[in-house]
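Report on the structure given below.
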Amino acid sequence: MSSTKNLPLPPGKLGLPLLGETIDFLRDRSFSQKRQNWYGNLYKTHLFGRPTIVVIGADANRFLLTNENTYFTSSFPKTTKELLGAASLAIQKGGEHLQRRKLLSQAFQPRALSGYVGGMEAITHGYLQKWEKIGDLTWYPELKKYTFDVACKLLIGTDTASDDEIGQFFEEFSEGLFSLPINLPWTKFGKALHAREQLLMKIEQIILQSQQQTASSQDALGLLLQATDEDGSKLSIKELKDQVLLLLFAGHETLTSAIASFCLLLAQHPDVMAKVRTEQQNFDFSQPLTLESLKEMTYLEQVLKEVMRVIPPVGGGFREVIQTCEFNGYQIPQGWAVLYQVNRTHRDESIYTEPDSFEPERFNPDRAEDKTKPFSYMTFGGGVRECLGKEFAKLEMKIFAALLIRKYQWELVNGDKPEMAMVPTPRPRDNLQVRFGCLSK
Ligand code: HEM
């Protein structure tokens, strides 16, 4: 340990007092690329009030994410912690986190997922028909309503939630997650705390109704109400409320970004669009989708994977160092934050050929570029905190993409290369303006 403390810190600058390099980090899209060019795959900076070490690449990701609870633990800004709630999986730590994760994962097992397919398909059809009627679409807010409806229906059994009060409270709640921690009625954080209380009240009503139903429902809440851990104990209503709130939040923001990127990248790459359409011709459109038929859409799977490599919905993850340790000859000191970077890892030339180009074939079984090294494909994180909803997300994306491509076409209204906004999740700045319609025969 004493020898670790004698090691040098990684290169880099801590920037201004208090602010550090936070403003540049938020404003400059090439913040990390520049520093990677100057310092390499490990550098120090100062972000969101804390000295931080940024790590890039498969080896560093593996070191970070396989040492959770030994050297590292999860860490969130105060606003996020208070809004998500102490009993939410993202905030829980150590043994409690592992135990809860096991319990919650019961809602994401293959059998549960198979029960979600019909509901996802029905909601998707409804939205596609609505968009066909609109024609000239500002798609991003519509995609957000769509993913929120799917999350509400399949996670808590509530219909068309995006038109209801829940949707509105959620907007306010999400806006406060990464805001300044000032709790006044007119600040983002204050409004978000109020929205949290309202949401918890609604969720409690829904839980109580669900408990009274004689037949257990097919949604995640129905499964979680039945779920028990090894000792046979169940989640309390108080904890369940925080967990459901987290699932609803995590279950739609990132997915909106991912499916919007799919729509964008396919409009930009007609050759890929044509190949996806050709693959769909192998299926009988009059038959409902099943987990088995979706599994056969192997090219679509590669396309979706490539979409999230090129534009990952989550740019990275923060951890806190709980014990000083060493990586590649540098000291990683206790009390500092560490940030792993999905974006930069996905541009590693030693893993991905021509990493800046959109090429789904890199994931076909012969090339399988990401399999060269574990922790080089990081869309869903890794280790004990890997995304709990990964299979749910992949399922929803595939259903959306297959049904969309079978019958519809769309073109970008504002030119081929719309500017992107990156915070909180990547999206085209014009909110994805498209001309949408049925495929011409
Ligand atoms: C394309 C969509 C999605 C992406 C890219 C994504 C990405 C991620 C990432 C990178 C993490 C790990 C963060 C870290 O290391 O700190 C994570 C965690 C998590 N995700 Fe997702 N996610 C998606 C969809 C979903 C969905 C649909 C759900 C639930 C229905 C969900 C629930 C969660 C939960 C509960 C965690 C926390 C896990 C834990 O701390 O043990 N996510 N997600």
Side-chain angles (χ1 to χ4, degrees), residues 48 50 52 55 60-109 112 151 155-156 173 177-178 196 199-200 203 207 220-221 223-254 313-325 332 334-340 342 374-375 378-393:
F48 305 106
R50 283 185 307 179
T52 303
V55 301
N61 295 335
R62 174 154 64 175
F63 178 70
L64 181 70
L65 298 172
T66 56
N67 281 304
E68 183 110 23
N69 300 327
T70 325
Y71 297 138
F72 308 105
T73 188
S74 76
S75 126
F76 284 98
K78 180 176 153 56
T79 48
T80 322
K81 256 193 220 161
E82 277 193 38
L83 285 168
L84 289 181
S88 123
L89 187 73
I91 307 297
Q92 286 167 330
K93 295 184 184 181
E96 185 187 31
H97 165 257
L98 292 179
Q99 192 202 24
R100 285 308 190 247
R101 200 178 147 97
K102 218 168 163 190
L103 207 138
L104 291 176
S105 66
Q106 295 180 32
F108 300 99
Q109 299 300 331
L155 299 176
I156 56 173
F173 173 81
L177 280 169
F178 299 97
R196 171 182 154 84
L199 285 168
L200 290 180
I203 290 172
I207 293 176
L221 177 60
L223 294 169
L224 293 180
L225 281 167
Q226 308 294 324
T228 49
D229 63 17
E230 281 140 8
D231 312 332
S233 53
K234 290 186 172 188
L235 288 167
S236 69
I237 303 274
K238 187 167 181 293
E239 179 175 345
L240 193 53
K241 285 196 292 183
D242 270 356
Q243 300 291 19
V244 166
L245 186 63
L246 169 69
L247 292 182
L248 286 177
F249 164 69
H252 84 288
E253 285 275 349
T254 43
V314 177
F318 279 100
R319 295 291 186 273
E320 186 185 322
V321 185
I322 47 175
Q323 189 187 319
T324 300
C325 54
I332 315 288
Q334 185 179 350
W336 282 43
V338 179
L339 170 65
Y340 72 86
V342 179
F375 294 90
M378 292 299 296
T379 295
F380 294 102
V384 295
R385 286 194 180 270
E386 187 184 18
C387 178
L388 185 76
K390 176 176 154 182
E391 296 305 327
F392 183 99

Given Tyr340 and Arg319, is the side chain to side chain contact (heavy atoms under 4.5 Å, CB included) satisfied, shown in steps? CA-CA 8 Å; Tyr340 72 86; Arg319 295 291 186 273; 4.2 Å; yes

Run the side chain to side chain contact (heavy atoms under 4.5 Å, CB included) check on Val55 and Phe63 step by step: do they pass? CA-CA 10 Å; Val55 301; Phe63 178 70; over 6 Å; no

Under the criterion side chain to side chain contact (heavy atoms under 4.5 Å, CB included), I'd like the reasoning laid out for Leu104 against Leu224: C-alpha separation, chi angles, the key distance, then a yes or no. CA-CA 7 Å; Leu104 291 176; Leu224 293 180; 3.8 Å; yes

Check the pair Phe318, Thr52 against side chain to side chain contact (heavy atoms under 4.5 Å, CB included), reporting the backbone distance first and the verdict last. CA-CA 9 Å; Phe318 279 100; Thr52 303; 4.3 Å; yes

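A distance of 6.5 Å separates CG of Leu84 from CZ of Phe76, quoted to the nearest 0.5 Å. Here the NZ-OG distance, from Lys390 to Ser105, works out to 13.5 Å after rounding to the nearest 0.5 Å. Rounded to the nearest 0.5 Å, atoms CG (Asp242) and CD1 (Ile91) are 9.5 Å apart. Taken from OG in Ser75 to CH2 in Trp336, the straight-line distance is 14.0 Å, to the nearest 0.5 Å. Taken to the nearest 0.5 Å, the CG atom of Leu235 stands 8.0 Å off from the CG atom of Asp229. Taken to the nearest 0.5 Å, the CG atom of Leu240 stands 11.0 Å off from the CG atom of Leu245.
A donor-acceptor pair under 3.5 Å links the side-chain atoms of Thr324 to the main chain of Gln334, judged by distance alone. Under a 3.5 Å cut-off, the side chain of Glu386 and the backbone N or O of Phe380 do not form any donor-acceptor pair. At distances below 3.5 Å, not a single donor-acceptor pair connects side-chain atoms of Glu391 with backbone N or O atoms of Gln109. Although no hydrogens or angles enter the test, the distance criterion places a donor-acceptor pair under 3.5 Å between the side chain of Thr79 and the main chain of Leu177. Although no hydrogens or angles enter the test, the distance criterion places no donor-acceptor pair under 3.5 Å between the side chain of Ser233 and the main chain of Asp231. No donor-acceptor pair closer than 3.5 Å links the side chain of Arg100 to the backbone N or O of Gln92.
A salt bridge does not link Glu82 with Arg196: none of the charged nitrogens is closer than 4.0 Å to a carboxylate oxygen.
Between Met378 and Leu65 the shortest side-chain heavy-atom distance falls below 4.5 Å. Side-chain contact check for Glu68 versus Ser74: some heavy-atom pair is nearer than 4.5 Å. Taking 4.5 Å as the limit, every side-chain heavy atom of Ile156 sits out of range of all side-chain heavy atoms of Leu247. Side-chain contact check for Leu89 versus Gln243: some heavy-atom pair is nearer than 4.5 Å. Looking only at side-chain heavy atoms (C-beta outward), Leu155 and Val244 stay at 4.5 Å or farther from each other.
Contact between Gly383 and Phe375 at its shortest, heavy atoms only, is N-CE2, 4.1 Å. When all heavy atoms of Phe173 and Leu83 are compared, the closest pair comes out as CE1-O, 3.3 Å. Nearest approach of Ala112 to Ala107, heavy atoms of both residues: CB-O, 3.6 Å. Of all non-hydrogen atoms in Ala227 and Gln106, the two that sit nearest each other are CB-OE1, 3.3 Å. Leu246 approaches Ala90 most closely through the heavy-atom pair CD2-N, 3.7 Å. Of all non-hydrogen atoms in Lys234 and Thr228, the two that sit nearest each other are CG-CG2, 3.7 Å.
Applying the 6.0 Å contact sphere to NZ of Lys93 captures more than 12 heavy atoms from other residues, nucleotides or ligands. Within 6.0 Å of atom CZ in Arg101, more than 12 heavy atoms from other residues, nucleotides or ligands are found, so the atom counts as buried in its surroundings.
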